[in-house]
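A quick write-up on the structure given underneath.
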Amino acid sequence: MKVSTMKIIFMGTPEFAAESLEKLYSVGHDIVGVFTQPDRPRNRGMKTTFSPVKQIALMNNTPIYQPISLKDDEIVSVVKRLQCDLIVVVAYGKKIPSDILNIPSLGCINIHASILPNYRGASPIQHAIINGDTETGVTSQYMSEEIDAGEILLIKKTPIGDDETSTDLFSRLSTLGAELLIETISAIEAKTVIPTLQNDDDVTYAPLLTKDMSPIDWSKTAHEIRCMVRGLQPWPTATTIIDEKTVKTFSVDVTNNMTSLLPGSIVSHGEHGIEVACSDGSIIIKELQAPGGKRMSAADFLKGNPLSTKHLY
RNA sequence: CGCGGGGUGGAGCAGUUCGGUAGCUCGUUGGGCUCAUAACCCAAAGGUCAGGGGUUCAAAUCCCUUCCCCGCAA
């Protein structure tokens, strides 16, 4: 793809954003500065690790900025001094104040992992799966004060696979988002895109996921439970309690079996997994993870953990 | 030095509190049974108990230490 280079400031933090940044470099844009969240001690052992975006920026010798807050006159003047044409924000992790949004001549664009105005907010990918949607996508927008409420530039759609987890979708949409970003920049440059206001009537939100959402509610339908299990990965993950152990469930199948047992009752268990009754039939837990242990098939789990309960919670 | 769980034949686990014959559910291999089916029966092989050091007549088990895995928290 032929594009003339543009001076761009990139703001982003996680893996999802890193792919977009890589694509910008590979297409040949001039990245004059990268903003990412400050290094913090994370993970076991509290070791400080660099964000995926920072790692990419380091490899390309781009100046990196990790301000604690963007609402800072000094930061505003730093952004001005970089003299960029465009600011690109992908999963940065903080709101961008209007003082900064107004700086670049071509504006400030953002890649969001849903078909806006659906699923504004922190977890669009997971909510699309949890709700059982069959299609999602990525949207590029001009940024507005209100989060994810800007004028829409371009949209790329993709079907959601029946087996797909949020982890899978994250990976696919980060690639799709990177492609959309490049196309959007070209379109802005060529002035071939007409920004469209979002339709307020269609707005939905995808709030931050929390651990309270983890426990599986067996009184839901098999389909609903399966969507939760797929959507809540890799965090916070759907859980259930087997013999007083809270186990994470990673993979479940919907069966055609009808059962009169109460939701949560174990219908059968063995080589095929653990079959559990829900409101409209049953599902089979195929892959799980016990406390302290690794992820394994339900069949393996049963070899060392014979069930003594007849009910899950 | 953030908190905690774990490492035991090929897989999943018990045994560690209170040191004393290496155990369970599977898998594998051989045989039997059956019209047939690894469904069932019989038998066998397979282990540096994560690594190193120490205590002891004796260590999977107690003490010190290194490495690796997992969860929480951020």
Side-chain angles (χ1 to χ4, degrees), chain A residues 11-18 34-58 64-71 90-95 121-123 125-126 147 165-168 170-171 206-217 228-253 257 266-276 283-313:
Chain A
M11 300 185 174
T13 302
E15 195 59 48
F16 184 86
V34 167
F35 282 66
T36 192
Q37 292 300 309
D39 302 329
R40 293 195 188 88
R42 350 178 124 249
N43 297 319
R44 208 174 296 136
M46 296 297 272
K47 291 186 273 286
T48 44
T49 48
F50 295 164
S51 76
V53 162
K54 180 170 178 176
Q55 293 177 30
I56 300 296
L58 281 173
I64 295 164
Y65 304 89
Q66 301 180 276
I68 293 173
S69 169
L70 294 175
K71 293 179 188 171
V90 184
Y92 175 61
K94 279 206 172 66
K95 279 190 183 174
S123 55
I125 295 172
Q126 297 94 320
I147 204 146
T165 65
S166 293
T167 307
D168 301 327
F170 252 105
S171 155
L208 209 56
L209 299 175
T210 63
K211 290 213 70 164
D212 323 332
M213 304 173 76
S214 284
I216 294 174
D217 178 355
M228 291 293 284
V229 169
R230 290 189 297 137
L232 260 31
Q233 296 178 38
W235 189 91
T237 68
T239 62
T240 190
I241 296 175
I242 300 179
D243 288 334
E244 304 185 3
K245 294 188 277 273
T246 300
V247 305
K248 298 183 167 190
T249 62
F250 289 99
S251 171
V252 302
D253 268 354
N257 304 348
I266 294 172
V267 179
S268 69
H269 59 91
E271 205 42 46
H272 58 293
I274 302 170
E275 182 182 359
V276 189
I283 64 165
I284 293 181
I285 300 175
K286 291 167 58 190
E287 201 178 10
L288 52 74
Q289 180 175 21
K294 291 185 185 177
R295 189 169 161 168
M296 67 182 79
S297 71
D300 280 347
F301 173 81
L302 289 171
K303 283 171 189 162
N305 301 274
L307 297 179
S308 62
T309 181
K310 292 192 214 139
H311 200 271
L312 306 187
Y313 298 93

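Proximity note for A:Asn43 (side chain, C-beta onward) versus B:rA73, B:rC13, B:rG71: the nearest is B:rA73. The side chain of A:Asp300 has B:rA11 as its nearest neighbour among B:rC70, B:rA11, B:rC72. Set against B:rG12, B:rG2, B:rA74, the side chain of A:Met46 has B:rG2 as its closest nucleotide. Counting only heavy atoms from C-beta on, A:Arg44 has its side chain closest to B:rG4 among B:rC13, B:rG4, B:rA11. Listed nucleotides B:rC72, B:rC70, B:rC13 differ in distance to A:Asn305; the shortest reach to its side chain belongs to B:rC13.
Nucleotide B:rA43 is matched to B:rU29 when pairs are restricted to Watson-Crick or G-U wobble geometry with both distances under 3.5 angstrom. Base pairing of B:rA36 is not made with any nucleotide, judged by Watson-Crick or G-U wobble geometry with both donor-acceptor distances under 3.5 Å. B:rC72 and B:rG2 make up a base pair, with Watson-Crick or G-U wobble contacts both under 3.5 Å. With a cut-off of 3.5 Å on both Watson-Crick or G-U wobble distances, the partner of B:rC49 is given as none. As the counterpart of B:rU61, no nucleotide is assigned, since no Watson-Crick or G-U wobble pattern has both distances under 3.5 Å. Using N1 to N3 plus N6-O4 or O6-N4 for Watson-Crick, or N1-O2 and O6-N3 for G-U wobble, each under 3.5 Å, B:rG19 pairs with nothing. The partner of B:rC67, taking Watson-Crick or G-U wobble pairs whose two distances both stay under 3.5 Å, is B:rG7.
Summarising the geometry, the separation between NZ on A:Lys245 and C1' on B:rC13 is reported as 10 Å, rounded to the nearest angstrom. In this structure, CZ of A:Arg295 is placed 10 Å from P of B:rG71, rounded to the nearest angstrom. Atoms CZ (A:Arg42) and P (B:rC1) sit 21 Å apart, rounded to a whole Å. Distance, A:Leu208 CG to B:rA74 P: 12 Å, rounded to whole Å. Atom P of nucleotide B:rU25 and atom CD1 of A:Ile274 are separated by 19 Å, given to the nearest angstrom. A:Met296 places its CE atom 17 Å from the P atom of B:rC26, with the value rounded to the nearest Å. If you measure from atom CD1 of A:Ile285 to atom P of B:rG12, you get 19 Å, rounded to the nearest angstrom. Distance NE2 (A:His269) to C1' (B:rC26): 15 Å, rounded to an integer number of Å.
Map A:Phe301 and A:Lys211 each onto its nearest nucleotide of RNA chain B; the residue landing nearer the 5' end is A:Phe301. Judged by closest nucleotide on RNA chain B, A:Lys47 is the one of A:Lys47 and A:Gly292 placed further toward the 5' end.
Using atom P as the reference point in both B:rU61 and B:rG7, the two lie 12 Å apart (nearest Å). One P atom belongs to B:rU16, the other to B:rU55, and the distance between them is 25 Å to the nearest Å. Taking atom P on both B:rC18 and B:rC26, the two are 34 Å apart, rounded to the nearest angstrom. Nucleotides B:rC64 and B:rG47, compared at atom P, are 31 Å apart to the nearest Å. Across the P atoms, B:rA60 and B:rG20 are found 9 Å apart, a figure rounded to whole Å. Rounded to the nearest Å, the gap between the C1' atom of B:rU28 and that of B:rA11 is 11 Å. With both ends at atom C1', the span from B:rC70 to B:rA44 equals 36 Å, rounded to whole Å. Look at the P atom in both B:rG4 and B:rC42: the space between them is 47 Å, to the nearest Å.
Within the structure, a side-chain polar atom (N or O) of A:Lys248 is placed less than 4.0 Å from OP1 or OP2 of B:rC72.
A heavy-atom distance below 4.5 Å is not found between the side chains of A:Val276 and A:Thr240. Taking 4.5 Å as the limit, every side-chain heavy atom of A:Met11 sits out of range of all side-chain heavy atoms of A:Tyr65. For the pair A:Val247/A:Ile285, no side-chain contact is recorded, criterion being any heavy-atom separation below 4.5 Å from C-beta on. Considering only heavy atoms from C-beta on, A:Asp39 comes within 4.5 Å of A:Gln66 through its side chain. Side-chain contact check for A:Phe301 versus A:Gln289: every heavy-atom pair is 4.5 Å or farther apart.
The distance from the CD atom of A:Gln37 to the OG atom of A:Ser51 is 8.5 Å, given to the nearest 0.5 Å.
A side chain to side chain contact (heavy atoms under 4.5 Å, CB included) with A:Ile283 is found for exactly one of A:Val252, A:Thr249, A:Asp253, namely A:Val252.
A:Arg40 comes within 4.0 angstrom of nothing in the nucleic acid, heavy atoms only.
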